[in-house]
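To find a chain, count down the sequence lines: A is the first, B the second, and so on, and within it residues start at 1.
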Amino acid sequence: MKRAAIDPFFATLAAANPHPVSELEYTSVFELLVAVLLSAQATDVGVNKATRRLFPRANTPQRILALGLDALTESIRTIGLYRNKARHLMATCALLVERHGGQVPRERAALEALPGVGRKTANVVLNVAFGEPTMAVDTHVFRVANRTGLAPGRDPLQVEQGLLRRVPAAYLLHAHHWLILHGRYVCQARRPRCEACTVARWCDAGPPAMRD
DNA sequence: ATCCCGAGGG
DNA sequence: CCCTCTGGAT
């Protein structure tokens, strides 16, 4: 993708999604952290199904610790990788209580020190909960950035650096959600819906007939 | 590089 | 059947 195309690319996505909100359901920073931790290799629909069972039973670190590993595991059993996620979440809750007064920390290093929390999850929490201009690179962002030529890279970190360099500052705060929504509903993995795509004219993979 | 791992779509 | 889904730990 040409550099001059990047601004109109995001302006078009922004116009289509005036309020780019996560489709994950949460009512606190801690619930956001849990939802994102559970979202690894899972759909938002699947995450919401699990958190609708879990949060009424326990939606604070203390309550999850009190719930116990077995009950926690049972509560999220419908989601993929659920045993690892339950173990990680339990350990994360223990750390939050021991080191952070039961609060979700705002520092990247502290976030990434939590079991089950890697760079992508930390970037989401920093961006969505604390308003920092980070770029979380998940499967959608990775695919869209590569396919369109917006920010090509072999691994997520490389794509993240490319996006931080290339995405205009005005769009940086919401670029994460725009790229996810675009990837989920238009630029799908199996069969990208180029015929319905509003930014195909700037896309490296767009049909030649639709390109500038 | 490999493992984890259910649900939904094609 | 196969692939994909807002990855992280070993």
For this session: Identify the 5'-most and 3'-most nucleotides of DNA chain B with at least one atom closer than 4.0 Å to a non-hydrogen atom of chain A.
Result: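 Reading along DNA chain B, I get B:dC4 to B:dG9.
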Using the [atom1] atom as the point on both nucleotides, what is the distance between [M] and [N], in whole Å?
| N | M | atom1 | answer |
| --- | --- | --- | --- |
| B:dC5 | C:dT4 | C1' | 13 Å |
| B:dG10 | C:dT6 | P | 14 Å |
| B:dC4 | C:dC5 | C1' | 14 Å |

For this session: With sequence neighbours left out, write down each residue that passes side chain to side chain donor-acceptor pair (under 3.5 Å) with A:R53, or none if nothing qualifies.
Result: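 Partners of A:R53 by the side chain to side chain donor-acceptor pair (under 3.5 Å) criterion, ordered by chain and then number, come out as A:E74.
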Looking at side-chain heavy atoms only, is the closest gap between [X] and [Y] below 4.5 Å?
| X | Y | result |
| --- | --- | --- |
| A:V137 | A:L157 | no |
| A:N123 | A:V141 | no |
| A:F30 | A:I64 | yes |
| A:I79 | A:K49 | no |
| A:L172 | A:L164 | yes |
| A:V199 | A:V186 | no |
| A:W202 | A:T148 | no |
| A:M90 | A:L65 | yes |

Exercise. Salt bridge between A:R184 and A:E23, side-chain N to carboxylate O under 4.0 Å?
Worked result: yes
Problem set entry | Partners meeting ring-ring contact (aromatic ring centres under 6.0 Å, His included) with A:F10 (sequence neighbours left out) | A:Y171
Please list every donor-acceptor pair under 3.5 Å in which a side-chain atom of residues 114-122 of chain A meets a protein atom from a residue at least two apart or in another chain.
unit_1, atom_1, unit_2, atom_2, d
A:R119, NE, A:E160, OE1, 2.8
A:R119, NE, A:E160, OE2, 3.2
A:R119, NH2, A:E160, OE2, 2.8

Which of [range] have a heavy atom under 4.0 Å from DNA chain C?
| range | answer |
| --- | --- |
| residues 125-154 of chain A | A:D138, A:T139, A:H140, A:R143 |
| residues 78-94 of chain A | A:L81, A:H88 |
| residues 9-19 of chain A | none |

Minimum heavy-atom distance [X]-[Y], with the two atoms named:
| X | Y | result |
| --- | --- | --- |
| A:Q158 | A:G153 | OE1-CA, 3.3 Å |
| A:R211 | A:G206 | CD-O, 3.2 Å |
| A:P61 | A:G102 | CG-O, 3.6 Å |
| A:V29 | A:A129 | CG1-CB, 4.0 Å |
| A:A86 | A:L72 | O-CD2, 3.4 Å |
| A:V128 | A:Y26 | CG1-OH, 3.3 Å |

What is the nucleic acid contact for [X], judged by heavy atoms within less than 4.0 Å: base, sugar-phosphate only, or nothing?
| X | result |
| --- | --- |
| A:L114 | sugar-phosphate |
| A:P156 | nothing |
| A:G46 | nothing |

For residues 12-21 of chain A, please give each side-chain donor-acceptor pair under 3.5 Å, one per line with the distance, not counting sequence neighbours.
unit_1, atom_1, unit_2, atom_2, d
A:T12, OG1, A:P8, O, 2.7
A:N17, ND2, A:L13, O, 3.3

Seminar exercise, completed: Under a 4.0 Å heavy-atom cutoff, the residues of residues 22-29 of chain A touching DNA chain B are none
Exercise. Which residues within residues 157-165 of chain A lie with some heavy atom under 4.0 Å of an atom in DNA chain B?
Worked result: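 The answer is none.
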For this session: With sequence neighbours excluded, give me every side chain to side chain donor-acceptor pair (under 3.5 Å) pair touching residues 78-95 of chain A.
Result: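 Only A:R77-A:Y82, A:N84-A:R87 qualify under side chain to side chain donor-acceptor pair (under 3.5 Å).
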Problem set entry | Boundaries of the DNA chain C segment in contact with chain A, non-hydrogen, under 4.0 Å | C:dC2 to C:dA9
Problem set entry | 5' priority, DNA chain C, between A:V117 and A:A42 [closest heavy atom] | A:A42
Exercise. With hydrophobic residues grouped by side-chain heavy-atom distances under 4.5 Å, do A:V125 and A:L173 end up in a single group?
Worked result: no
